[in-house]
Amino acid sequence: MEAFSLLGDGLVSALTPANLLWAFCGVLLGTAVGVLPGMGSAMAVALLLPVTFQMDPTAAFILFAGVYYGGMFGGATTSILLNTPGQASSIATTYEGHKMALAGRAPQALGTAVIGSFVASIIGTLVVALFAPAMVDFALKFGPGEYFALTVFSFVAVAAVVSGSVVRGIASLLIGLAIGLVGIDSQSGAPRFDFGSAVLLDGVDLIIVTVGLLALGEVLYVAAQGRYAPDLASIRSGKPWLKRRDLRRSWPAWLRGTALGTTFGPIPGSGAEIPTFLSLGAERRLAKRRERRGGEKSEFGKGAIEGVAGPEAANNGSAAGTLVPLLGLGLPTSATAAIMLAAFQQYGLQPGPVLFERNGDLVWTLLASLLIGSVLLLAINLPFAPLWAKLLKLPKPYLYAGITLFSVLAVYAINGSTVHLVMLLAVSLLAFAMRHFGVPVAPALIGVVLGPIAETELRRALAASAGDPSILVNSGISIGLYVMVVVAALLPLAAKLRRLRSSRTGADRDGRDGGGEEREPAGTASR
């Protein structure tokens with residue numbers, strides 16, 4: 001009850017006209033920069049940091065919070081419409097969201113995304129406000145061994161569940177891990193796979209990988225086929241209101257995604273990519289299970305609305321969860337949180353357990369502003385979903401040319417290097433080959449994002465234990481994660497064996513029935 005009372009006091013402070021204006025500006029700016037690949041909320045907050053130095057600390061952090069939440073949804077807009085995620089946390093949304101757009105349901109996909117962001121933001125913020133101490137204690141239990149187990153679980157879950165085919169999923173994962181190894185080794189400082197180029201010493205930028213695999217790879221594949229995707233000019237851009245069937249399929253996915261995001265958000269190093277991909281895999285697995293039990297047919301691969309609802313809720317739930325270690329420990333778990341930590345220090349504030357005691361008014365006003373920002377996010381973006389969807393009505397050649405130009409400019413803007421454009425072309429050709437041979441790109445993306453983290457945590461764990469590998473399984477968290485790894489790896493195999501057994505049983509039954517029908521006329525003829 002004390003937490004509710006403090007949160008109420010924060011709402012009173014945040015609902016002043018000036019603070020509401022800053023929250024509105026933050027959400028609007030965050031949504032705009034989230035659309036641009038390579039920008040994202042982290043860069044927007046970094047650019048605003050020197051501008052807000054003379055502002056009141058409460059107003060500045062309300063602005064930052066609005067940018068943070070707005071950027072989370074803005075990245076989903078281009079993921080759904082153009083198959084180009086604005087930031088890494090929106091990658092999982094592309095798989096079903098863009099298929100919904102091509103099927104004429106772009107407004108519904110955008111509406112699902114913004115409602116899911118709203119639900120996850122509200123629930124996640126309330127969870128942070130009420131259970132921050134317990135979540136901090138849970139985050140402190142993760143050491144290098146637990147981090148490595150977490151990344152392994154993410155690898156297997158994405159490769160085995162999201163891709164559908166274990167072999168092709170593992171092949172794609174290995175491709176992503178190989179790309180992630182390019183650059184200077186963080187432990188020894190030795191260059192790896194740099195091919196004599198100084199630019200490759202920094203590795204392959206994630207923007208290059210996501211744009212190449214998802215955007216330009218798709219453009220090359222469509223062009224090579226000699227035909228374009230479905231007729232985009234005929235795509236409807238009606239109201240974003242969800243039908244009763246859409247709501248029935250979306251609200252459980254919103255809750256499951258929120259639970260995943262809020263759970264993984266406080267864990268340092270987990271990022272928003274892990275819960276979003278896990279949510280996508282879980283929704284796909286549940287849809288197939290319902291189909292096998294005689295329920296409605298799964299729409300995954302054709303534009304399943306729960307494939308948008310779950311990852312977007314996990315995305316924003318994770319954003320709320322990152323505030324737990326930031327405010328409670330002074331430990332940032334994302335790029336945006338790291339810049340917000342610098343903002344705290346700029347104002348002479350030190351996040352940690354004493355922050356709630358010394359600057360409680362600021363903390364509770366910040367948490368309350370997240371609730372207000374969530375409402376503004378819904379009010380601003382839901383009515384404009386049909387307007388965004390009209391982008392798909394552009395003529396097909398212009399649309400794909402625009403995607404290509406937009407992608408090249410986004411990559412060139414990283415540091416103005418032409419070598420990055422060559423790398424983009426190479427990744428795009430790789431993506432074209434993967435599509436041609438039916439290799440999924442999701443495991444490759446998760447390999448690029450989490451591969452370096454897995455390597456670093458594995459080597460840290462082995463260094464701490466003097467090379468003893470038992471440190472990887474010396475806690476209940478690690479053992480539980482490895483058990484989940486085994487289950488995630490065996491589920492697709494068990495489902496395949498079940499299908500083979502059922503088809504063999506059906507064939508035997510048909511053979512016996514067919515044999516009896518043939519023998520009966522023969523016997524009749526002999527008689």
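Shortest non-hydrogen contact noted between G97 and A109 is O-CB, 4.2 Å. Closest heavy-atom contact between V448 and G176: CG2-O, 3.3 Å. When all heavy atoms of A461 and G145 are compared, the closest pair comes out as CB-N, 4.0 Å. Minimum interatomic distance between S279 and P311 (heavy atoms only, all atoms of both residues): OG-N, 3.4 Å. The two residues S250 and T112 have their closest heavy-atom pair at OG-CG2, 4.1 Å. The two residues L462 and P469 come nearest to each other via the heavy atoms CD2-CA, 4.0 Å.
With sequence neighbours excluded, no residue forms a salt bridge (Lys or Arg N to Asp or Glu O under 4.0 Å) with E96. F64 pairs by the ring pair (Phe, Tyr, Trp, His ring centres under 6.0 Å) definition with F61, not counting sequence neighbours.
Between the side chain of R435 and the main chain of L213, a donor-acceptor pair closer than 3.5 Å is present. Between the side chain of T263 and the main chain of A259, a donor-acceptor pair closer than 3.5 Å is present. The closest donor-acceptor contact from the side chain of S172 to the backbone of R168 lies at 3.5 Å or more, if one exists at all. Judged purely by atom type and a 3.5 angstrom limit, S478 has no side-chain atom pairing as donor or acceptor with the backbone of N474.
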Test side-chain contact (heavy atoms from CB on, under 4.5 Å) on E306 and L286 and set out the steps. CA-CA 10 Å; E306 56 263 45; L286 290 172; over 6 Å; no

**Request:** Show your reasoning for whether side-chain contact (heavy atoms from CB on, under 4.5 Å) applies to L424 and V408.
**Result:** CA-CA 8 Å; L424 175 64; V408 171; 4.3 Å; yes

- Test side-chain contact (heavy atoms from CB on, under 4.5 Å) applied to I115 and E312, step by step: CA-CA 9 Å; I115 296 175; E312 277 305 299; over 6 Å; no

Original post:
Going through the checks in order, is the side-chain contact (heavy atoms from CB on, under 4.5 Å) test met by N315 and T93?
Top reply: CA-CA 10 Å; N315 186 8; T93 308; 5.9 Å; no

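The shortest side-chain heavy-atom distance between L425 and L429 falls under the 4.5 Å cut-off. The shortest side-chain heavy-atom distance between L458 and E455 does not fall under the 4.5 Å cut-off. Side chains of L472 and Y482 form a contact here, defined as non-hydrogen atoms less than 4.5 Å apart. For the pair V427 and L216, the minimum side-chain heavy-atom distance is 4.5 Å or more. Side-chain atoms of F118 and L377, non-hydrogen and from C-beta on, never get closer than 4.5 Å to each other. Proximity of T262 to I123: side-chain heavy atoms (C-beta onward) are nowhere separated by under 4.5 Å. Counting heavy atoms from C-beta outward, F300 and L280 have side chains that approach closer than 4.5 Å. Looking only at side-chain heavy atoms (C-beta outward), I62 and T365 come within less than 4.5 Å of each other.
Residue pairs meeting the salt bridge (Lys or Arg N to Asp or Glu O under 4.0 Å) criterion with at least one partner in residues 422-433, sequence neighbours excluded, do not occur; the list is empty.
Distance CZ/R192 to CG/L201: 12.0 Å, rounded to 0.5 Å.
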